[in-house]
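Source: prediction; values computed, not measured. All chains are named by letter (A, B, ...) in the order of the sequence lines, taking the proteins before the strands, and each is independently numbered beginning at 1.
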Amino acid sequence: MTAVQFLQNFLNGISIGSVYAIFALGYTLVFSILGIINFAHGAVFTLGAYLTYSLAVGQFGIGGLFADLQLPFHFSFPFALLTGSILSGFAGVLVERCAFRPLRKRGADPLLALVSSLGVALVTVNVLQYLVGSEIYSFPSDVYGDIRPAFVLHFGEKLVVIRTVQIIIFSVCMVVLALLGYLIGWTRIGKALRAVAENAATASLLGINVDRFILYTFFLSGFLGGLAGSLVGTSFGIAGPYFGVSYGLKGLAVIVMGGLGSIPGAVLGGMVIGLAEAFVPSEYSAYKEAVAFAFLFAALLIRPQGLLGRSHIQKV
Amino acid sequence: MRKLGGITLLLTLCAGTVYAENVAPPIPVGIAVAQTSNVALFGQEQIIGAKIAETYFNIKKGVNGTPIKLVTQDTGGDEAGAINAVQNLISKEKVVGIVGPTLSQQAFGADPIANRLQVPVIGPSNTAKGVPQIGEYIGRVSAPVAKVAPYAVKQALKQNQKIKRVAILYAQNDAFSSSETVTFQETVKNMKLETVTVQKFMTTDTDFTTQATAVLNANVDLVIVSGLAADGGNLVKQLRQLGYKGIVIGGNGFNTANVFSVCGSNCDGILVAQAYSPEADNPTNKAFVAAYRAAYKKDPPQFSAQAFTAVQVFVEGLRKVEAATKKKITQLDLATVRTELNKALRKGSYITPLGEISLDKEGDINQKTFYVSQIKMDSAGKVGKFVIVK
Amino acid sequence: MEGFLQNYGFLLVTLVQQALLALSLYFPFMAGQLSLASPGFYALGGYIAAIMATVDSCASLRNALGWTIFPLEWLVAALVSGILALIVGIPSLRLRGIYLALGTIAFVEILRVLFLNLDITGGAIGIFDIPQLFEERWSYILIFGPLLVVVLLFIHRLQHSRTGRAFKAIREDELAAGAMGINPTYYKVQAFVIGAVLAGIVGAMSAPLLNTWNARQGTFDASVSYLAYVLIGGSRSLWGPLLGAALLAALPELLRPLRDARLIMNGLVLVVASIYLPHGIVGALSRLWSFFSTPSAARGGE
């Protein structure tokens, strides 16, 4: 591999890796607090993409209840992205209310939360299909405004090319990560969240309203999921209500890689898997889909606590 | 005990219903396509096409005065769903014939059932090798575009005689694309062009930077993509954004207006191998296109046209049965209608939206005309059109 | 009768088949392990049967064996699944908790990508025109039915054996079981392998049932369904997975009249059932039973 190829793969990898990172963070936040994997996270990803699309473009196609609908408003992309992600955050809260809280209150087997969250995912995906059909929705190419679609760097004979979308995705993810890091590391809410994650019973003895912080967590998780979905949607279009499924599964690989419940781990895991996929030689691109899962497996064999996880995790 | 009671109830409800009984008007024609799951994108288009056909032919007096009625059953995206849907249509809905299922894989699962029960099936979109050979009751109106691939490549050479180096890309998890690419690869070889790189992708992929950069660095002057609208369109978009300037050929999966919204202005100039063109010049197609445009304000996609054609083949087949037996369909018992219909389907030719077609002995389509079109996008990159190139 | 079998014969066979797959998940559950690997072994078993039944190099074997090729297919599927389960199970079962679930999700996905890419598995189209054991779909109950009976008897005996008690001890408290001299990894792997073998056999039997086999047979969606069967049916009794599979697999068919809204309902049922039936249907039924069978005086003292 030449240095130029290396650079190209590296750039591709960190762009998609950053999306994996913020998406997987949504899983990790919930896991760190409840010790449960929220299987509806992939559906929130999908929902976020559709919400942002509705706000930014709002033109629907031939299928579903919204057939031929043109929403009477459309907003600038940054506003749509932010609003879409916030609405996804509320969707996350709704997921908690429907699939998690009732079970928690009954002290039910935590495994049941897997089924109930999968049920919520099934409902979300199929309601989306019912409303907007299963066709492809794409953002117009000028969604970011009037900027060039790609940058080409010449290195002698060879080229390194970057799509503008990739730069935007990477930058947005970095900004969000920085904000999240600040929120969790340096604010009162963050400290309380960490206390709840450490030990919910003790936190509630300390006067922290645990339920409220669980809601905050789901809001953040939904926000991140919706944001990731919207970014992927603008870059590649929304390929129907099922397009979040493969991200949902890859996200699991990311969090195991990084260490279940570890926030920096999720970021690192996302980057590692994004890069690993980008470095799959193109002859073997058919196997790219399996890379994340091969990593998951390898992590289980070699370092089950993940790259940055603590070794004593026992939650189910 | 309660359970047993339920079963007995079901038994009495369903028993003894398959025996000699006449077809009740309106004549039920089954549609078994995917309305749920990730295959629903195609199923939706097929339902639309079939419904337009139902209205169109019922206005034209249906089967010599007896109207037809479509009965739809969702197959979902899997084989078990397709088998259930087909069995439902056959034994509960008592259809005379079935249009479906959507995927070739589902056809391999469900068609043998219909064949055993001697119910004619017309596949509207099954292009894999071996589908008509499932049995004597199985046919299709979807041609494997093996024939059209060479034309598309010739057309590309016409536009640029200097083409030497070719990159071929295909969606390896899509049954149609992975067999179409074989034809393209053979054509390229036969035309003495050099295939520099073959890249695979998945229909579920969204990021094609790896494939696109490999193509760019291979320095090719023709790119051939076999994929579906979402993935194929994205691939072309990313390829163009990254600076590829040469000619692009899209396989038959690109033959849908869905692709316009995916790649926008970057779709412009793609040569598309088509089994159906809205520009096809015959009265049935004109009526079909007009009806579709009136409802959806755009040109109909191939899947809708093929579903329309499948229904049409059944309607005309039923008319032939009446002509041959000199009886109304409603005077015949169901089993006879099904076998006679199956025989009638394979006789004569049909003027359909796909042009003039006939079914051969095995039930495979003989399609006279294929098209190579070039996509033209408007300056805003929003509205597109397939323009036939000759 | 014939009409009923025409209409519902295939569905009936599917229900038994799904119940068997639910039971394949129930084995690891008996030892307290959440495995989602069944669809992978199911797909593998199906491919083995489909390949043995169609490739030319097996033609002479097929001619020599006649219909007995089918049991041979099941046997090969069982063996291969078992060996693969050992290879996958030993490393992932050293760990406790959610890791096995995640590891098996990865396993299923890796297998899927492999099946999609190998030549022998027929790529995206898969393998079709698989020779039939029976003419009619409902006749397949003649192989799935006995298998179900055998498996139920096996579980019944297992529960009262030394191994079964070890499973239970691990399920209740793995650390304590270890302290009692039970080797948890050994028994966990055993439970996982039995489940895998069952899933492999069911796959091998299902290839002719579906006429065709392809890489879409073993997916994450299927994993989810089987998990739901077990949890909603009730994971503490062998009747749970059975009942769960019968009800949930029939649901989409029963909901056919709802057309494109039927999967929405399906999802709602999952949510509502997991909230209101935390011990599964069987758990709820047995509570109801004990409620009515306990004299009211005794209940008063509660």
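- Between chain C and the options B:S179, B:A82, B:A175, the largest number of non-hydrogen pairs under 4.5 Å is found for B:A175.
- The part of B:D174 that comes within reach of chain C is its backbone (N, CA, C, O), which places non-hydrogen atoms under 4.5 angstrom from that chain.
- Counting all heavy atoms, side chain and backbone alike, B:L103 lies closest to C:R216 at CD1-NH1, 3.5 Å.
- Taking chain C as the reference chain and counting heavy-atom pairs below 4.5 Å, the highest number among B:D78, B:N84, B:D111 is found for B:N84.
- Only the backbone of C:L209 comes within contact range of chain B, judged by heavy atoms closer than 4.5 Å.
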**Q.** Intermediate values then yes/no, side chain to side chain contact (heavy atoms under 4.5 Å, CB included), B:K200 and C:N117
**A.** CA-CA 10 Å; B:K200 301 174 184 178; C:N117 280 289; 4.1 Å; yes
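- One finds the CG atom of C:L11 at 11.5 Å from the CD1 atom of B:I83 (value rounded to the nearest 0.5 Å).
- Using a 4.5 Å cut-off on side-chain heavy atoms (C-beta onward), C:D129 and B:Q133 make no contact.
- Both the backbone and the side chain of B:A85 come within contact range of chain C, with heavy atoms under 4.5 Å apart.
- For chain C, no part of B:I90 is nearby; none of its heavy atoms comes within less than 4.5 Å.
- B:F108 approaches C:N211 most closely through the heavy-atom pair O-CB, 3.2 Å.
- Residues C:A124 and B:S178 approach most closely at CB-OG, 4.0 Å, considering heavy atoms.
- The side-chain heavy atoms of B:E79 and C:N214, taken from C-beta on, include a pair separated by under 4.5 Å.
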If you look only at distance, which donor and acceptor atoms sit under 3.5 Å apart when one is on a side chain in residues 38-51 of chain C and the other is two or more places apart or in another chain?
{"unit_1": "C:S38", "atom_1": "OG", "unit_2": "C:S24", "atom_2": "OG", "d": "2.7"}
{"unit_1": "C:Y42", "atom_1": "OH", "unit_2": "C:Q17", "atom_2": "NE2", "d": "2.9"}
{"unit_1": "C:Y47", "atom_1": "OH", "unit_2": "C:A215", "atom_2": "N", "d": "2.9"}

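- Going from atom CD of C:E136 over to atom CG of B:L117 covers 6.5 Å, rounded to the nearest 0.5 Å.
- For B:S104, no part lies under 4.5 angstrom from a heavy atom of chain C.
- In terms of heavy atoms, B:K129 sits closest to C:F128 at O-CZ, 3.4 Å.
- Side-chain contact between C:T212 and B:Q105 is absent, with no heavy atoms from C-beta onward closer than 4.5 Å.
- Without hydrogens or angle criteria, B:R116 side chain to C:E135 main chain gives a donor-acceptor distance under 3.5 Å.
- The OG atom of B:S91 sits 9.5 Å away from the OH atom of C:Y8 when rounded to the nearest 0.5 Å.
- Per-residue heavy-atom pair counts under 4.5 Å with chain B were compared for C:I127, C:I130, C:L116, C:T14, and the maximum is reached by C:L116.
- Counting non-hydrogen atoms of neighbouring residues, nucleotides and ligands closer than 6.0 angstrom, the CD1 atom of C:I120 reaches no more than 12 such neighbours.
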